[in-house]
There are 2 protein chains.
Amino acid sequence: MNISELADELNLSVTTVSRALSGQGEKYRVSKATVQRVLDAAEKHHVAPDPLGAGLQRGKLGMVGLLVPDITNSFFSGLARSIELVLRKRGMTVQLCDTAEDEHCEVEVLEHILKRRLDGLILAPVGKSSERLLRALESAPFPVVIVDRIFPEITLPTVSLDNEAAGRLAAGHLLAHGHRRIACLRGDRESHTDRARFRGVQAAMQQAGLQLDPALVQGAGYTRAAGVEGAQNILSQPHRPDAVISLNGQGILGILEVAAEKNLQIPADLSVVAFDEQPWSALVKPPLTTIEQPVELIAKKAAELICEKISGTKPKQRHIVLQAVLRERKSVA
Amino acid sequence: MNISELADELNLSVTTVSRALSGQGEKYRVSKATVQRVLDAAEKHHVAPDPLGAGLQRGKLGMVGLLVPDITNSFFSGLARSIELVLRKRGMTVQLCDTAEDEHCEVEVLEHILKRRLDGLILAPVGKSSERLLRALESAPFPVVIVDRIFPEITLPTVSLDNEAAGRLAAGHLLAHGHRRIACLRGDRESHTDRARFRGVQAAMQQAGLQLDPALVQGAGYTRAAGVEGAQNILSQPHRPDAVISLNGQGILGILEVAAEKNLQIPADLSVVAFDEQPWSALVKPPLTTIEQPVELIAKKAAELICEKISGTKPKQRHIVLQAVLRERKSVA
DNA sequence: ATGAAAGCGCTAACAG
DNA sequence: CTGTTAGCGCTTTCAT
């Protein structure tokens, strides 16, 4: 049953029913009594305005897309959860797409999504800024907000971490503990995020009058396999580091795996700081010292930003930058 | 630009353009040349049929809902990832909802979702089968498939684990290693899934002429907090168990946390088998022996089932039951 | 091989 | 305070 059948049943016009149901009764001066009558009948018959019809008419569907590189990564699943919650409260729904950390897949999905009708898109890019991606983004017929992995070419609104500060935080902590030979497991080096974090690490080192040994800078990508390979490279060096920073959440999996293989004790043989707090960070032995991103806040800001863009309000800030926090546990000695 | 503007530009009717674009050119005998001309122009102008218009006309939107209790739980994020992938390949999109393991929230979201237009819904229920839930489900105007946590009252198609066999597998493994005093960290006891797993454990014990000590059966819920509390209860018993089974993926977090607090060595002081494989299962010390669900297969089956139901094909089986696998590592001695 | 026209369910401008 | 009507963009009969 749809609202026009409901209207028939109540001997009202669709218009009135529509107005009552959409909460515009007040505005159009529908009598309180009528509104209530409509509401009751709608409740009774489980009738609600069909979003397709409404969407077609209004040019909006009440749905925003969420494109993430890997929903399996707890950072992104946390993000998804919070974003969905915020948007649901505002009566919007979320369409999920996972690009499997694959640049090619990302562009394809994006091009596909842009043709479909969405009110907005929150995009956590794979990291690289291919020309095709940028072109696809430019031609988006709806607002787009970028989270997490940003790149400078982009003029779209972004919500991201102060990655450079976070990098400094991680390296600074290690330096404060007297470590000098510090390794760095990077993610995708074309990614602005990774570069900023790395810059932060370098800056902290330089400030201490030190330099990173290039042989100890490894890793290329955000997959688990990439993490393992990078860790492998780092920990196979003849002159082993006494500390390592994982610049992304997947990397730590590689470090732990390889360290276990090589029977390296953490933190006795190797101190570790890992980006991204995970459900199990505190549970491994030793509990991991991490750089925690304010996931919920990022999600909230992104959701708010996209809502503002959708409703046409000029957002106060176009680029929101948030600070990470050091969660000190036992993996650094 | 929409297809009728495209039609104008090509001096064709919307009809023809629509037919060409939807691949029905053949069927309606649109000339090859015309089809190509339309395709080219569409490509050039980034035009595709608006799904809202098409959806309204056809009564389908090409979107299925996915309702999970906790996208942050790696079982569900794995599920989401695979489901989304399968459905995307079929040209469908996924609407994600997270019910935060909350029964109340689940019903609310569900009632809301049922009013909106979806082609189908894949539901991983919170676990309990409230009357309101069942009623909401019955009145669904589109096909629904239940995954993971099923309950007997339900007549809808389901994809789930052979939970009883999985329970037997876990307990059997412990018994084979000579453990006699076995504890069990349960999830939500009103959940059929939890009960089936528990039944399996009991069955294996009985077969060995043993019985579970009721004091060693703890836990109530699928949240992390519930896991911690249950583990607390189990490990504070005067007569401590020599082994424990976590009947769900969150529980193991509690066990590890409490075991660490109490300075219990695994597996020396306590052997552990945990349901659900996690990205970090192999990385903790000691690496965890787990009961692994075939997540991808579950996802694939569920996606296929919902597609069959949507397209009206009679599915071969209504209830698909899959087997878990024991992943033996080092947490049992 | 192509087109005209109806209608999917809704909202909003325009009456009254 | 309520109703009439047009039209959102599309697919699909029915015509030609």
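No experiment lies behind these values; they were computed from the predicted model shown. Note: hydrogens, waters and symmetry copies are ignored here, and every other heavy atom, side chains too, is used.
- The salt bridge (Lys or Arg N to Asp or Glu O under 4.0 Å) with A:Arg132 is formed by just one residue from the set A:Glu103, A:Glu106, A:Glu111; it is A:Glu111.
- Between A:Gln24 atom CD and D:dC1 atom P the separation is 16 Å, expressed in whole Å.
- Among the atoms of the strands shown, none is found under 4.0 Å from any heavy atom of A:Ala20.
- Toward the 5' end of DNA chain D, the nearer of the two residues A:Val14 and A:Arg29, judged by each one's closest nucleotide, is A:Arg29.
- Atom-to-atom, NZ of B:Lys60 to P of D:dG9 comes out at 24 Å; the value is rounded to the nearest Å.
- Bending across the helix from C:dA1-D:dT16 to C:dG16-D:dC1, expressed as the angle between its end axes from five pairs apiece, amounts to 40° (10° rounding).
- Side-chain N/O atoms of B:Ser31 include one lying less than 4.0 angstrom from OP1 or OP2 on C:dT2.
- Within the nucleic acid shown, A:Ala7 has no heavy atom closer than 4.0 Å to any nucleic acid atom.
- For the pair B:Asn11 and A:Lys27, both in contact range of DNA chain C, the more 5′-proximal nearest nucleotide belongs to B:Asn11.
- B:Lys32 places its NZ atom 14 Å from the C1' atom of C:dA1, with the value rounded to the nearest Å.
- Here B:Ile146 contributes atom CD1 and B:Ser160 contributes atom OG; the two are 10.5 Å apart, rounded to the nearest 0.5 Å.
- Taking atom CD1 on A:Ile3 and atom C1' on C:dC8, their separation rounds to 13 Å, with Å as the unit.
- Residue B:Asp8 contributes atom CG, which lies 11 Å from atom P of C:dG3 at whole-angstrom precision.
- Atom CZ of A:Arg19 and atom C1' of C:dC10 are 13 Å apart (whole Å).
- Among residues two or more places apart in sequence or in another chain, the side-chain contact (heavy atoms from CB on, under 4.5 Å) test is passed with A:Lys60 by A:Asp119, A:Ile310.
- Taking side-chain N and O atoms only, A:Thr34 has a distance below 4.0 Å to OP1 or OP2 of D:dT2.
- Taking atom CG of residue B:Asn2 and atom C1' of nucleotide D:dT11, one finds them 14 Å apart after rounding to whole Å.
- The list of side chain to side chain donor-acceptor pair (under 3.5 Å) pairs with a residue in residues 16-29 of chain A, not counting sequence neighbours, reads A:Ser13-A:Thr16.
- Residue side chain A:Gln57 reaches the base of D:dG7 through a donor-acceptor N/O pair under 3.5 Å, judged by distance alone.
- Using a 4.0 Å cut-off between charged nitrogen and carboxylate oxygen, A:Glu101 and A:Arg149 count as a salt-bridge pair.
- Of the candidate nucleotides C:dC8, C:dA12, C:dT2, C:dA12 has the atom nearest to the side chain of A:Arg58.
- In this structure, the side chains of A:Pro141 and A:Leu114 come closer than 4.5 Å at one or more pairs of heavy atoms.
- One N or O donor and one acceptor, one from the side chain of B:Thr15 and one from the base of C:dA4, sit under 3.5 Å apart.
- Inter-residue side-chain proximity for B:Pro125 and B:Phe151 is flagged as met; some heavy-atom pair is nearer than 4.5 Å.
- Contact annotation: A:Ser18 reaches the phosphate of C:dT11 (side-chain N/O to OP1 or OP2, under 4.0 Å).
- Between A:Leu52 atom CG and C:dG7 atom P there is a gap of 19 Å when expressed in whole angstrom units.
- Applying side-chain contact (heavy atoms from CB on, under 4.5 Å) to B:Leu123 and the options B:Val145, B:Leu137, B:Val147, B:Asp148 leaves one that passes, B:Leu137.
- Note on A:Ser13: every side-chain N or O is 4.0 Å or more away from OP1 and OP2 of D:dT2.
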